[in-house]
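Take a look at the structure below.
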Amino acid sequence: VLVAEKLGEAGLTLLQEFANVDCSYNLSPEELCTKISLCDALIVRSGTKVNREVFESSGGRLKVVGRAGVGIDNVDLSAATEHGCLVVNAPTANTVAAAEHGIALLAAMARNVAQADASVKAGKWQRNKYVGVSLVGKTLAVLGFGKVGSEVARRAKGLGMHVIAHDPYAPADRARAIGVELVSFDEAIATADFISLHMPLTPATNKMLNDETFAKMKKGVRIVNVARGGVIDEEALVRALDAGIVAQAALDVFSEEPPKQDSKLVQHERVTVTPHLGASTMEAQEGVAIEIAEAVVGALKGELAATAVNAPMVPAEVLTELKPYVELAEKLGRLAVQLVAGGSGVKTVKVSYASSRAPDDLDTRLLRAMITKGIIEPISSVFVNLVNADYTAKQRGLRITEERILLDGSPESPLESIQVQIANVESKFASAMSESGEIKVEGRVKDGIPHLTKVGSFEVDVSLEGSIILCRQVDQPGMIGTVGSILGEENVNVSFMSVGRVAPRKHAVMAIGVDDQPSKETLKRIGEVPAIEEFVFLKL
């Protein structure tokens, strides 16, 4: 086992009981490529780039890469998978350290600790200048109620704060157990005195705090970020601080790390900053070392690792046949979860496979894993695959049941259709609800391409490439032209369009495939067309 960056003693001890351990720090990329052909496993932190060349140089010997920490942007996952190498990370050991750092910044900001310290060291004694604010009785909004968010909430309750949280996918019962109320995003930011950010960086959360959201906040709000820098639009934060909307901010993370030396945000006198220390405690570093050592040893012994980040290889012939269905499964999961209105928490998912093959002849594990991937990935920072799908679903309280509908006919293609239903939730698009009250989407593969064939009780037919706009409208002439020309004026290319209706001149659902993401204004214009009763944009 090659350990290429500093790892806690406890982790090294665990590794040494099982393998020969070579600790070589600060290797150049060339040295790493030279050494790697003699190694079965490699352990890194965030500083070593494990790119395609590393895997190619290993000559197939490298079986596991362990990342001591959470983010794996420094490992080329597709190259790892192609070379049959498992990548594992250590996602839980840092949780408490990050939460404690969040609380430390919250208190330090409220009492101007950093600014007052600098002032006394500069020979001043400014007691009036650094009057702070109390935490007790104030409202803290925790945005993102995952592992770290819930630990911050628990500690803030102990400080006598009133805690509310927003997370469209968190189970309400888990929040209730801590005494936290789950509210909508707008309500959270409008009522909070303090806001603490704990969401992963995904396309949906990128620059989630921007000019528009700052404008909705209580004047004098204070913001803490120990999550990821990119969730705040940093220029907008400077404007909000100067305008007095945001009284103070305390930041451990930045969109570019380290930030530029002349960064207006870092130099701002009402901003407290630390250099990404969220996970930096002696205990967390030891914990991470043990967690990654156990994962690497387990993987070398051939055990299924719950923290595996990339999927193991499925037999090639199975994969070739199932490939379009694997794609269909993931996209149906993605569509279904985007139809859920936030606040309800996704709990029960039912998948139906219609096939004329005998049950033993169709392995649905991979398909179930892909549906899980489609449902969970858009809303979290977890990478889901065949190894960890069931574990990840269970961790989030997600129950997935499967049923098979046996069809008569020749079993040439493995599946006729896949249907995904999410029960006990509200939908952003009411027409996606079936008569029995679940969100329901169904699809099939045609000519090797995944197609959406049913939304709720409406039959449609659109290929699942690019993104999709669904509109429910009164079935009347001219609708296709109206929507088509709005998209055309905004230079959005339509790849296909399909209309399903219940009966002539009643209601119809129009599904439009688009190549690019339309702007908010374009979508607003579509919503303003009088005959359109509801619409939703779904990103694939």
Side-chain angles (χ1 to χ4, degrees), residues 3-15 23 25-26 43-48 66-74 88-114 117-118 135 140 142-159 161 163 178 194 196-201 222-229 231 249-254 257-259 266 271-296 306-307 381-382 395:
V3 179
E5 290 180 71
K6 199 165 166 19
L7 195 69
E9 276 307 311
L12 291 174
T13 311
L14 267 175
L15 289 169
C23 296
Y25 307 146
N26 305 323
I43 293 181
V44 298
R45 294 171 59 122
S46 54
T48 307
R67 156 74 168 98
V70 188
I72 30 164
D73 9 8
N74 54 321
V88 291
N89 66 351
T92 57
N94 293 338
T95 303
V96 168
E100 287 177 344
H101 196 59
I103 295 289
L105 285 177
L106 180 77
M109 166 175 73
R111 301 304 292 271
N112 302 303
V113 172
D117 173 75
L135 299 175
L140 169 70
V142 173
L143 304 184
F145 200 69
K147 289 199 278 265
V148 182
S150 51
E151 290 297 335
V152 166
R154 193 173 282 152
R155 284 158 178 73
K157 295 281 293 180
L159 296 172
M161 299 185 84
V163 183
I178 303 178
F194 292 84
S196 189
L197 304 179
H198 300 286
M199 65 281 259
L201 184 56
R222 290 174 166 81
I223 295 173
V224 176
N225 186 10
V226 294
R228 284 283 178 261
V231 299
L251 311 170
D252 185 45
V253 287
F254 305 89
E257 294 181 8
V266 173
V271 175
T272 304
V273 289
T274 51
H276 204 144
L277 298 177
S280 302
T281 63
M282 312 287 278
E283 294 78 1
Q285 295 304 331
E286 282 294 289
V288 165
I290 292 171
E291 191 176 359
I292 200 63
E294 285 175 346
V296 167
T307 58
S381 56
V382 183
Q395 234 189 353

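Comment: Lys147 does not engage Glu151 in a salt bridge, judged by the lack of any side-chain N to carboxylate O separation of less than 4.0 angstrom.
In this structure, the separation between CG on Asp117 and OG1 on Thr272 is 11.0 Å, given to the nearest 0.5 Å. For the atom pair CG of Asn89 and CD of Glu291, the computed distance is 7.5 Å after rounding to the nearest 0.5 Å. Considering CG of Leu7 and CZ of Arg45, their distance stands at 7.5 Å, rounded to 0.5 Å. Note that CG of Leu135 is 6.0 Å distant from CG of Leu159, once rounded to the nearest 0.5 Å. Rounding to the nearest 0.5 Å places CG of Asn94 at 7.0 Å from CD of Gln285. The distance from the CZ atom of Phe145 to the CD1 atom of Ile178 is 4.0 Å, given to the nearest 0.5 Å.
Looking at heavy atoms from C-beta onward, Ile43 lies in side-chain contact with Leu15 at the 4.5 angstrom threshold. Taking 4.5 Å as the limit, some side-chain heavy atom of Val273 sits within range of a side-chain heavy atom of Phe254. By the 4.5 Å heavy-atom criterion applied to side chains, Val152 and His101 are not counted as neighbours. Taking 4.5 Å as the limit, some side-chain heavy atom of Glu100 sits within range of a side-chain heavy atom of Arg155. The shortest side-chain heavy-atom distance between Leu106 and Ser196 does not fall under the 4.5 Å cut-off.
Here the rule is side chain to side chain contact (heavy atoms under 4.5 Å, CB included) with His198, and of Val226, Asn225, Val224 only Val226 fits it. Applying side chain to side chain contact (heavy atoms under 4.5 Å, CB included) to Arg67 and the options Val88, Asn74, Thr48, Val288 leaves one that passes, Asn74.
For the residue pair Gly66 and Val296, the shortest heavy atom distance occurs at CA-CG2, 4.0 Å. In terms of heavy atoms, Arg222 sits closest to Met109 at CB-CE, 3.5 Å. Shortest non-hydrogen contact noted between Ile103 and Ala156 is CD1-N, 4.1 Å. When all heavy atoms of Asp252 and Pro275 are compared, the pair lying nearest together is OD1-C, 3.9 Å. Taking both residues in full, the closest heavy atoms of Leu12 and Cys23 are given as CD2-SG, 3.8 Å, listed atom of the first, atom of the second, then distance. Closest approach of Ala227 to Val253, counting heavy atoms only: O-CG1, 3.6 Å.
Distance alone, capped at 3.5 Å, is enough to place a donor-acceptor pair between the Thr281 side chain and the Ala284 backbone. Listed for the Glu5 side chain is no donor-acceptor partner under 3.5 Å among the backbone atoms of Tyr25.
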